[in-house]
Amino acid sequence: MIFDRNQSAPVIFILLGFSDYPDLQIPLFLVFLVIYEISVIGNLGMIAIITINPKLQTPMYFFLKHLSFVDFCYSSSVTPKLLENLTATDKTISLPMCFTQFFFLAGCALTDIFILAVMAYDRFVAICNPLLYMVIMSQKHCTLLVVTAYVWGIVFSLVYVISLLLLSFCGSNIIDNFVCEYSGILSASCYDKHVSELILFVVANFNMLGTLMFICSSYVVIFATLMKKNSARVQQKAISTCASHLTAVGIFYGTVLFLYCIPNTKSSWFTIKVGSVFYTVLIPMLNPLIYSLRNNDVKETIRKLLAKK
């Protein structure tokens, strides 16, 4: 099904990227290169900081370390190809490479949302059941949750890829984007794609809305618990620890829900392209900045490292 029905030639895709704006190719290359460098340094730096600081050996930072690792993989599965696309005249990509890129992209995104949900659960236990926190969030339990997040991402990304393998493609196929994402691959199919569209809509909504409802429910209980506490200092400290997570959740879920959980007729390809830049390139850079700028322990570790140098 992945080859032209009338020919034996392999299927290739053409990633248009930002070809509509030839004068912006070099400026965009420089901008995305800087963003990628910040993303790599920020996420790998966050992993290093959490690893070397004994004060950060807690469940919350354990999950944050894995979130940084997934964001690093997330950015690295997209941005290098984007940079190549901005400078190369040949913008083609083979079907296996396109599907491989999408597999890693989808896997990282799905793992991301599961880890964000797990981090909400961690804050829920820490604030609502502080006496049982270390028992409930034991090392074994935390490891199990992280492993589940990775398995979750792999399984559902395979579901997406299999649904795309059911499609038929004819020769050269144009994808009006810089990345092999689901809606772009669907648009390139030359035969019926209703089943794949239905799978996208059902699975995307199940994952996004399910985890989002879990996160919202956790924070409703968290804020209800905080309102019962008389100490303003305790309330302020708890809200401060939740603020970074809520910011990351708002940015990620807002972008992805807009792109994939709303019927395509309401979104132009330009909107999809800009949204794709936001959630595949910018968000992996923003997460380490959000958590480092709002976290005193992380900032203290950075200051000590700079002072030693």
Side-chain angles (χ1 to χ4, degrees), residues 42-74 108-154 207 210-226 229 233-253 283-284 286-302 304:
N43 285 297
L44 294 183
M46 182 68 74
I47 294 171
I49 288 169
I50 294 172
T51 301
I52 64 177
N53 190 343
K55 289 177 63 178
L56 303 182
Q57 305 307 309
T58 64
M60 181 178 73
Y61 292 105
F62 176 75
F63 297 132
L64 180 55
K65 181 166 67 172
H66 283 277
L67 182 69
S68 296
F69 172 72
V70 173
D71 280 340
F72 166 72
C73 297
Y74 199 2
C108 289
L110 291 164
T111 304
D112 239 12
I113 65 173
F114 194 96
I115 292 178
L116 288 172
V118 167
M119 293 174 77
Y121 173 68
D122 173 73
R123 292 298 84 207
F124 164 77
V125 177
I127 294 171
C128 301
N129 296 284
L131 298 179
L132 297 175
Y133 179 67
M134 295 311 297
V135 176
I136 298 174
M137 303 304 293
S138 64
Q139 183 63 43
K140 181 179 179 180
H141 190 194
C142 292
T143 303
L144 179 62
L145 288 171
V146 167
V147 170
T148 304
Y150 287 115
V151 173
W152 181 281
I154 292 171
N207 281 282
T211 51
L212 183 58
M213 288 177 62
F214 178 82
I215 292 171
C216 291
S217 300
S218 298
Y219 275 106
V220 167
V221 179
I222 286 172
F223 289 128
T225 303
L226 289 176
K229 296 183 182 294
R233 182 174 175 275
V234 172
Q235 291 178 342
Q236 185 177 3
K237 183 178 179 180
I239 292 173
S240 177
T241 61
C242 296
S244 300
H245 180 252
L246 281 172
T247 303
V249 167
I251 294 173
F252 186 86
Y253 277 79
I283 288 178
L286 291 175
N287 279 344
L289 295 178
I290 291 169
Y291 282 101
S292 61
L293 294 176
R294 298 188 61 88
N295 191 295
N296 291 327
D297 291 328
V298 173
K299 287 191 287 187
E300 180 186 351
T301 305
I302 295 173
K304 287 181 178 179

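- At least one side-chain heavy atom of L64 sits under 4.5 Å from a side-chain heavy atom of L67.
- Every residue two or more places apart in sequence or in another chain that forms a ring-ring contact (aromatic ring centres under 6.0 Å, His included) with Y150 is listed here: H66.
- Of all heavy-atom pairs between C128 and V221, the closest is SG-CG1, 3.8 Å.
- In this structure, N43 contributes its side chain and P284 its backbone to a donor-acceptor pair below 3.5 Å.
- The 12-atom threshold is exceeded at CZ of F252, counting heavy atoms of other residues, nucleotides or ligands nearer than 6.0 Å.
- Rounded to the nearest 0.5 Å, atoms OH (Y219) and CG (L226) are 10.5 Å apart.
- Every residue meeting the side-chain contact (heavy atoms from CB on, under 4.5 Å) condition with I251, not counting sequence neighbours, appears here in chain and number order: T247, F278, I283, L286, I290.
- Taking every heavy atom of both residues into account, I222 and A120 meet most closely at CD1-O, 4.3 Å.
- Taking CE of M60 as the start and SG of C142 as the end, the distance is 12.0 Å to the nearest 0.5 Å.
- At least one side-chain heavy atom of Y133 sits under 4.5 Å from a side-chain heavy atom of P59.
- Contacts of T58 classified as side chain to side chain donor-acceptor pair (under 3.5 Å), with partners at least two apart in sequence or in another chain: none.
- Heavy-atom minimum distance, T148 versus L144: OG1-O, 2.7 Å.
- Taking 4.5 Å as the limit, some side-chain heavy atom of M137 sits within range of a side-chain heavy atom of F63.
- Atom CZ of F223 and atom SG of C242 lie 6.0 Å apart (nearest 0.5 Å).
- Between I113 atom CD1 and T211 atom OG1 the span is 4.0 Å, to the nearest 0.5 Å.
- Judged by distance alone, with hydrogens and angles left aside, the side-chain atoms of H245 form no donor-acceptor pair with the main-chain N or O of M119 at under 3.5 Å.
- Side-chain contact between F62 and I50: absent, with no pair of heavy atoms (C-beta onward) separated by less than 4.5 Å.
- Looking at residues two or more places apart in sequence or on another chain, you find no side chain to side chain donor-acceptor pair (under 3.5 Å) involving D112.
- Between K65 and I47, the shortest heavy-atom contact is O-CG1, 3.7 Å.
- Counting heavy atoms from C-beta on, the side chains of M213 and C216 never come closer than 4.5 Å.
- Separating the CG atom in N129 from the CE atom in M134 is a distance of 14.0 Å, to the nearest 0.5 Å.
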CA sep, side-chain torsions, deciding dist, call: Y253, L116, side chain to side chain contact (heavy atoms under 4.5 Å, CB included): CA-CA 10 Å; Y253 277 79; L116 288 172; 4.0 Å; yes
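- For Y121, there are no ring-ring contact (aromatic ring centres under 6.0 Å, His included) partners at least two apart in sequence or on another chain.
- Taking the side chain to side chain donor-acceptor pair (under 3.5 Å) definition, one finds that Q139 meets it with T143, sequence neighbours left out.
- Here the CZ-OG1 distance, from F69 to T111, works out to 10.0 Å after rounding to the nearest 0.5 Å.
- Considering only heavy atoms from C-beta on, I49 comes within 4.5 Å of L56 through its side chain.
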